[in-house]
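Throughout, protein chains are lettered first and strands after them, A, B, ... in sequence-line order, and every chain is numbered starting at 1. These figures come from a predicted structure and were not determined experimentally.
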2 protein chains.
Amino acid sequence: MTTTAIAQVREFNRFYTRILGLLDKEILNSAFSLPEARVLYELHRMQPCSAKEIIQVLEIDKGYLSRILKNFLRKGLIQTQAVRTDTRVTEIRLSAKGKVEFEKLNRASANQIQQLLAPLTDSKIKSVISHMQAIRQLLNNHT
Amino acid sequence: MTTTAIAQVREFNRFYTRILGLLDKEILNSAFSLPEARVLYELHRMQPCSAKEIIQVLEIDKGYLSRILKNFLRKGLIQTQAVRTDTRVTEIRLSAKGKVEFEKLNRASANQIQQLLAPLTDSKIKSVISHMQAIRQLLNNHT
DNA sequence: ACCAAATAGTTGATTTTGTCAACTATTTTA
DNA sequence: TAAAATAGTTGACAAAATCAACTATTTGGT
């Protein structure tokens, strides 16, 4: 039983890895690299937040992130401010420009997803989404 | 309607990217890099096959793949043979050693998946899998 | 049959991405 | 109050990926 279950999950992983690859292509010819895009996305969703929080969510190296954020700061996409109660921590938030860039990226990625869903009828789209929600709920223990 | 659909897909992508990242960790402390592991996996499933076929499935650069295969050959994991009717093409297949290595890797990855499913009851596992199959079927146009 | 275009794969050069360890500056703990 | 822990930075490096030029074939059109 579990053997076939594992094979099925593996097949899905293979399949969905491909889908994610397709969707990422759009991002790759934006102004951002994939890791930058992911950081921007998390900033948008978590801000204000510390570098550490991003590191935890994205499981990314802290040195690596530090450089990405330095770059974002240079481009004026984020603002940083030391936290009063613990000056080791810097609170990061998107600047107005950062928000604009995020929105651009987000629209591009929305287009990609739309193309993915385009061949489906509305009811099939609903169906896909409910399957996705179900999977999320079932596997959700895993951080 | 589609707006929320897109947001839902995005959430799932985020979620499943994380899952895939977790599962990949196991592979990363094997003898293979992630791309090598993917090539090995495709070889196992498609052999005998040409480099081109792998390139198409994995959407990987041909120069990059060429090096990976060269490396596999050096390690004795694959055997190659020019195709009679078109000597530009080399038919690749796993050697006995290659099959053994694949099996090792495959077991490691199976363990990871098993851990993912471990907290679930059998009926929930069935449920996850049927949702996965449904998604695959619905999105399958997108090779 | 012959030449141009296409194709499979290789190689070298380079860029991008990611890792690791050492370091500074704080804060926490015991 | 000294030692350990934590947030983040930086430099050195390694791994992953891309790009273009190249060889050797095969195909297609005339």
Distances under 3.5 Å between protein N/O atoms and the N/O atoms of nucleotides 17-20 of chain D, please, pair by pair.
unit_1: D/dA17; atom_1: OP2; unit_2: B/Tyr64; atom_2: OH; d: 2.3

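The distance between atom CD1 of A/Ile68 and atom C1' of C/dG18, rounded to the nearest whole Å, is 9 Å. If you measure from atom CG of A/Leu73 to atom C1' of D/dG8, you get 13 Å, rounded to the nearest angstrom. Rounding to whole angstrom units, CZ of residue A/Arg84 and C1' of C/dT27 are separated by 18 Å. Remark: P of C/dT17 and CG of A/Leu58 are 15 Å apart, rounded to the nearest angstrom. One interatomic measurement links the two molecules: CD of A/Gln81 to P of D/dG8, which rounds to 14 Å at whole-angstrom precision. Rounded to whole Å, atom P of D/dT10 lies 13 Å from atom CG of A/Asn71. Atom CD of B/Gln56 is separated from atom C1' of C/dG9 by 14 Å (rounded to the nearest Å). Here the C1' atom of nucleotide D/dA16 and the CG atom of B/Asp24 are 14 Å apart, to the nearest Å.
If you check the side chains of B/Gln112 and B/Asp24, you find no donor sitting under 3.5 Å from an acceptor. Remark: the B/Gln133 side chain and the B/Ser130 side chain contain no N/O donor-acceptor pair separated by less than 3.5 Å.
Applying the 4.0 Å criterion to OP1 and OP2 of D/dG8, one finds that A/Thr90 has a side-chain N or O inside that range. OP1 or OP2 of D/dT26 has at least one side-chain nitrogen or oxygen of B/Thr87 nearer than 4.0 Å. Neither OP1 nor OP2 of C/dG9 sits under 4.0 Å from any side-chain N or O of B/Ser66.
Interatomic distance, CG of B/Asn13 versus CD1 of B/Ile6, reported as 11.5 Å (0.5 Å rounding). Distance check, rounded to the nearest 0.5 Å: CZ of B/Phe102 to CZ of B/Phe32 gives 10.5 Å.
Salt-bridge formation is detected for the pair A/Glu91/A/Arg93: a Lys NZ or Arg NE/NH1/NH2 atom is positioned less than 4.0 Å from an Asp or Glu carboxylate oxygen.
B/His44 has its side chain within reach of B/Glu103: a pair of non-hydrogen atoms, C-beta onward, lies under 4.5 Å apart. Residues B/Phe72 and B/Leu43 meet the side-chain proximity criterion, which asks for heavy atoms closer than 4.5 Å.
Checked against D/dT10, D/dT6, D/dA24, the side chain of A/Lys52 finds its nearest nucleotide in D/dT6. Set against C/dA25, D/dG8, C/dG9, the side chain of B/Val89 has C/dG9 as its closest nucleotide.
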